[in-house]
Amino acid sequence: MTGGSPSANPGAAPGVVALRGPVLSFSARPADERSAGVDHLPDGVVIMRDGRLETVMAADAYRRQGGDPDACEDLRDSLIVPGLIDLHIHCPQMDVIASYGSQLLDWLERYAYPAELAFADPEHARSQCGRFLDRLAAHGTTSALVLGTVHAAATDALFDEAARRRVRLAAGKVLMNRHGPRALRDRTDGIDETAALIERWHGRDRLAYAVTPRFAIACSEDQLRGAGKLLERYPGVYLHTHLAEHPEELAATARTFPDAADYVGVYERFGLVGPQSVFAHGIHLSDSELGRLGAAGATIAFCPSSNLFLGSGLLDLARVDRAGVNLGVATDVGAGTSFSMLSTLADGYRVAQLTSTSWHPLTALYTATLGNARALGWDGRVGRLAPGHEADVVVLSPHPDSVLADRLRLASSLTDTVFAYLMLGGDAVSRTYVAGRPVYRREAG
Ligand code: GUN
Ligand code: ZN
């Protein structure tokens, strides 16, 4: 991990941020801390200039090249990591997080759909989208794959607010024309509206479009066919949906598509399974379905807090890996119970324990950074701290006098340190930088 040429007092120049502290990111999926893909600088320098990472190197090396690490802001009690990436989150559900008392289909009717109906009001939608993006920043999430609502105007508001903040974001209007309250359904098939949104937003600034059928049972066959045609017409866009989350949903899918061999087969029939496809959950899949997802290069977004909260089931990470399926990780707020990707990884660790797998903390943190970036084809841009990358950076620092601070004093290795941040660090984000600009700074204390 090297790069960049030192200047005398980098932090003083406009458009420049210079930090010094422990730095951790990944260039490949690690099995443990000895793996080649672990880029760890116990005392490193990170310099961002004009939105990009200019220098990421050991403080000693920086000094040898004529730089002055003491001129950088001293964060040696912290951990500097890449901005976290959330691979599946519902913007309109932010305020129904932690709503009590039911499992998937009932939870949608009681909590999610009413919150989404309110996005028919563009003013409400705009203010919620701004709050949502600020909430992500406060949790160290600098990129996300986001579901909006069925409303095109609300989706415009989401993209617009993301563009103003210069966030790297993929999102889409939800397609649903036969499920949920009538007022929340597409009146036609929503395909022309989606095409217009793609034309308006895909590839603009740091934004990308994801064609977003809610889930198979919410869409007519014509609508799913239209979604597949959009993927053919606009090759760079993503496909983002739910898959095999809950047994009730599986039963409804089998009833709605009696001719399909299985759930993945429904999406395959309409051309929705490929390397640009992200399927949230993917818990209840056969070997054949997993094998086909793997062969297609599709990604499963593991949503552990949501899966525990709704009682949906335990994703078997080892089985997903054996099938060669790409794995991402996501909060799935509002069914997910935290905006924090660190807390989500902690829940992922617990789920792995219950399926007799051990999710190494470095593998978990890789998944929430470079792993999720790869799922979206954004590696080389974000997900890693290396010169030339976009400067999306997060600083983790324990609150003084916290359980985490005490635990970190005992940490005996990088693995131990990272594990403590995952298990105890849901509120450990102290700074977030997006494209080199500070977008969140925790109050002291
Ligand atoms: N399946 C279809 N819609 C949703 C949703 O909004 N949340 C979750 N968790 N699953 C879904
Ligand atoms: Zn979801």
Side-chain angles (χ1 to χ4, degrees), residues 86-119 128 132 144-151 154-155 170-181 184-186 190 210-219 223-224 227 238-253 256 263 266-267 272 277-285 299-315 328-339 341 344 347 351 372 375:
D86 190 338
L87 202 61
H88 176 81
I89 182 165
H90 297 253
C91 165
Q93 296 176 12
M94 63 181 287
D95 291 339
V96 293
I97 189 170
S99 292
Y100 171 72
S102 51
Q103 302 214 350
L104 176 64
L105 298 180
D106 187 45
W107 186 89
L108 290 173
E109 300 281 349
R110 283 169 64 181
Y111 303 112
Y113 295 156
E116 294 186 23
L117 273 168
F119 271 50
Q128 288 294 92
F132 172 77
L145 175 57
V146 184
L147 294 97
T149 59
V150 74
H151 313 100
T155 312
K173 171 199 128 53
V174 166
L175 293 166
M176 52 187 291
N177 65 358
R178 62 159 156 175
H179 182 81
L184 193 61
R185 295 184 201 162
D186 283 300
V211 175
T212 311
R214 178 164 216 124
F215 54 172
I217 57 171
C219 305
Q223 190 170 45
L224 292 170
Y238 303 101
L239 184 283
H240 183 201
T241 188
H242 297 87
L243 169 67
E245 174 180 4
H246 192 282
E248 293 165 1
E249 166 212 3
L250 260 68
T253 306
T256 310
Y263 201 153
V266 176
Y267 291 139
L272 303 180
S277 305
V278 176
F279 296 102
H281 308 285
I283 303 170
H284 309 284
L285 293 172
T299 297
I300 288 179
F302 177 32
C303 304
S305 83
S306 165
N307 296 341
L308 293 169
F309 180 72
L310 291 178
S312 301
L314 304 173
L315 181 69
V329 62
T331 63
D332 192 26
V333 164
T337 49
S338 173
F339 275 80
M341 287 301 294
T344 302
D347 279 333
V351 167
N372 279 350

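Atom set for the values below is all heavy atoms of this structure, side chains included, hydrogens, waters and symmetry mates excluded. One is the number of the first residue; the rest follow in order along the sequence. A quick note: this is a predicted structure, and the numbers were derived from the prediction, not measured. Counting starts at 1 for both ligands and their atoms, in listed order.
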If we ignore hydrogens and angles and just use 3.5 Å, is the side chain of Thr155 paired with the main-chain N or O of His151 as donor and acceptor?
yes
Evaluate the ring planes of Trp107 and Phe309, with Trp represented by its six-membered ring, and classify them as parallel (under 30°), tilted (30 to 60°) or perpendicular (over 60°).
perpendicular
Of the protein N/O/S atoms, how many lie under 2.8 Å from the Zn ion (ligand 2)
4
Are the side chain of Thr241 and the backbone of Pro213 linked by a donor-acceptor contact shorter than 3.5 Å?
yes
Under 4.0 Å from ligand 1, residues with heavy atoms, in chain and number order, are His90, Gln93, Leu104, Leu108, Arg214, Phe215, His242, Glu245, His281, Asp332, Ala335
Can you tell if the side chain of Ile89 reaches within under 4.5 Å of the side chain of Val146, non-hydrogen atoms only?
yes
Quick one: salt bridge (Lys or Arg N to Asp or Glu O under 4.0 Å) partners of Arg185, sequence neighbours excluded?
none
For Asp332 and Ser305, indicate whether the former's side chain and the latter's backbone hold a donor-acceptor pair under 3.5 Å.
no
Keeping to residues at least two apart or across chains, list the salt bridge (Lys or Arg N to Asp or Glu O under 4.0 Å) pairs with something in residues 86-105.
Asp95-Arg131
Determine, using ring centers only, whether His88 and His90 are less than 6.0 Å apart.
yes
Under a 3.5 Å cutoff, is there a donor and acceptor pairing between the side chains of His246 and His281?
no
